[in-house]
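Here the structure is a predicted model, which is why all the values come from computation and not from measurement. So that the names make sense, note that chain A is the first sequence line, chain B the second, and so on, each numbered from 1.
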There are 2 protein chains.
Amino acid sequence: MSDKVTITDVARKAGVSLSTVSNLLNGRSKRMRPSTEQRILEAIEELGYTPNQAARQLKTGQSAIIGLIVPSVANPFYGIFARHVESAALKLGYQVLLGNSDRDPEREFKYAEELWGYGVRGLIFGSSLFQLSHFDNLISRGLHVVAFERPTQEADGNRVDSVGIDNYLAARLATKHLLSLGHKRIGFLSGPIQTVSRLDRLSGYQSALRDADIQSDPELIWDVSPSENSYGDADAVDLGRQGTQELLSRLNPPTAIFAINDMFAFGAYAGAKDMGLRIPTDLSVVGVDDITLTEIVQPSLTTVRQPIEKIATMAVNRLVARLEGKFDEEQDHQILPPQLIVRSSTTQPPK
Amino acid sequence: MSDKVTITDVARKAGVSLSTVSNLLNGRSKRMRPSTEQRILEAIEELGYTPNQAARQLKTGQSAIIGLIVPSVANPFYGIFARHVESAALKLGYQVLLGNSDRDPEREFKYAEELWGYGVRGLIFGSSLFQLSHFDNLISRGLHVVAFERPTQEADGNRVDSVGIDNYLAARLATKHLLSLGHKRIGFLSGPIQTVSRLDRLSGYQSALRDADIQSDPELIWDVSPSENSYGDADAVDLGRQGTQELLSRLNPPTAIFAINDMFAFGAYAGAKDMGLRIPTDLSVVGVDDITLTEIVQPSLTTVRQPIEKIATMAVNRLVARLEGKFDEEQDHQILPPQLIVRSSTTQPPK
DNA sequence: CTAATTTAGTGTAACGTTTTACCAAATCGA
DNA sequence: TCGATTTGGTAAAACGTTACACTAAATTAG
């Protein structure tokens, strides 16, 4: 068995030219005798021929790979998302090259550049930063970008598609649920806040309070500056724990917490326990995402669901449509509705 | 800004031949005036030149990509592992192409073949199946494989490296811990059992029972056949829940459960609750992996820790050493010790 | 029977890069 | 000064594939 099997080997074995083999492989076999086709297919099978994608890419100018950049796949939300992206992409004949960026623009830029060199012309992007200017050069060269987790922004310059939930509404649903239970002191627990999705969620929280004629109290809002390390994607649970301890140590502590996502909510569980409080008796908790485990933690978590699979599938379909020239319109923003899922982590405030 | 910047553009702008640019890029600049070098670097910067990896691959026969095949990155263990693999690979100048296989040999084969076409000559592989014969053809053509989660097997034909913990010992540690607490009825909770790592864990469990002069009782062992879908990697929690309910419904139910991994252990938590039992008062639970969340679930999970980051780093280093011809010896197996982490999910059996 | 059309292929240039062999000019050493 | 050596480059072939232009032979239509 030789190291290398090329189209020339197949052609020789089948007794045809290499163009004929290529014609068969590329859907141009209309003008081909069945017996010729059969000989070629047998030669391919016997030799175990696989096309060299580099050669294809060199000639065609693109490869069947899309890029996916997420903060960290060690966070279950992004792990699940990545899984669905891969499934959707494979169905359309594409491989996925995954990058973990911790929302660092420089790292994202570096990734995009490297992926460009591998013929990647489409990118699904999920760090929810405000600026995508680090991609400007590549975008003007033809890179297609679909953002999830945040709607398109003015600074995107009409060149970025997006798919995601309405984060403002997600936060309103969560906060109104807590208000309907009678909570007046509702904490807002977040990692570093300077992302589009997190600020939208803060707005939604504040808007729901206003609707109930409750003034938003800065003492009830917890976030930290981005550390050299991250926006808290990889250590969300620890940050959530710490933030909850601090909120509960204040003069007039919350009776309920709206956490920026489920992993922060799990951290709130631990932080409350550290402070000798019980969920939900002493402190109610709501998250966002509805990742695996929300049903089986004790108590099961009330959360606002993102339809992760649907978002992933829509993002892939939009991107591939752009890549294959099947979608030509201006930038496109698809918003999916979030859904409140009430479980056992929320109840009336303690007396 | 042109769509395409090639080495020829850089050469023209710098006033040198394209060979000279290539010499600089590929570490052959010893015979180059500093002023020439400077001109080239400036041209590269101004034009935003990135080498076309397909062209490189076509010429050199390989690309700086390694493949990683795991059952499902939606399972946090593999998500965390993938993250560490990526970090280690990037440090060595490699990208990672990730495939989710649900341990289906056909899918694995298809992945490996597709990755081969992208110039991938090294694969980190984590489905713990017995046979890697579906890779034989590619291995004999030069594919390097490092398996994690299972030691090398005879059937590997001396061509597969591996890195992982001693699964037998992991199970012994867990089971002996439960025995030391006084448990006599210890359940074994698993997904489909026909993987190397899971059978090793079953052996370790049974061996620890024998050491305590306790006969292994089939009524205490729960596993299911592989469904069309999976080995339970993506729905581990649900399977664990179901299995625990069934074990607890039997005539002489267990007072403790050793779960095949942490996600199954979380499922055991839910299953026990469904049956009106408390962890650990009525049922003790031990897992394996020590993934994120084991500390913050209630009660925090006693588990056997896999040093995930270390395994990932070692696997990447071994693979790259093979790829770059720096490691030539026979197949290599690195075993790391598992570590029992006692938390709050285990206590003495109820009276 | 002859001209027009169709069939079933084939030859070849090009994609962007690497790397080897080569060479003119400059420098060094005797 | 002249031959040997070094410097600082360059030209060109090759990697495996795609797709366009082309062509000989067979078939069809008048």
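Regarding contacts with the backbone of D:dG16, a side-chain N or O of A:Lys4 is found under 4.0 angstrom from either OP1 or OP2. Contact annotation: A:Arg56 side-chain N/O to D:dT18 OP1/OP2 distance is under 4.0 Å. Regarding contacts with the backbone of C:dT17, a side-chain N or O of B:Tyr49 is found under 4.0 angstrom from either OP1 or OP2. For the pair B:Asn52 and C:dT17, the criterion of a side-chain N or O lying under 4.0 Å from OP1 or OP2 is not met.
Legend: residues meeting ring pair (Phe, Tyr, Trp, His ring centres under 6.0 Å) with A:Phe148, ordered by chain and number and at least two apart, are A:Phe81.
Residue A:Arg33 has its side chain nearest to C:dA8 when only D:dG8, C:dA8, D:dA11 are considered. Out of D:dA11, D:dT7, C:dT18, the shortest distance to the side chain of B:Ile7 is found at C:dT18. Set against C:dT10, C:dT7, D:dT17, the side chain of A:Ser17 has C:dT10 as its closest nucleotide. Here C:dT18 is the nucleotide among D:dT18, D:dT10, C:dT18 with the atom lying nearest to any side-chain atom of B:Leu18. Here the nucleotide nearest the side chain of A:Leu58, chosen from D:dG16, D:dT7, C:dT19, is D:dG16. Comparing C:dT17, D:dT10, D:dG16 by their nearest atom to the side chain of B:Pro51 picks out C:dT17.
Between the side chain of A:Thr36 and the base of C:dA8, no donor-acceptor pair of N or O atoms lies under 3.5 Å. With hydrogens and angles ignored, a donor-acceptor pair closer than 3.5 Å exists between the side chain of B:Ser19 and the base of C:dT19.
Overall bending of the helix from C:dC1-D:dG30 to C:dA30-D:dT1, expressed as the angle between end axes built from five pairs apiece, is 40° (10° steps).
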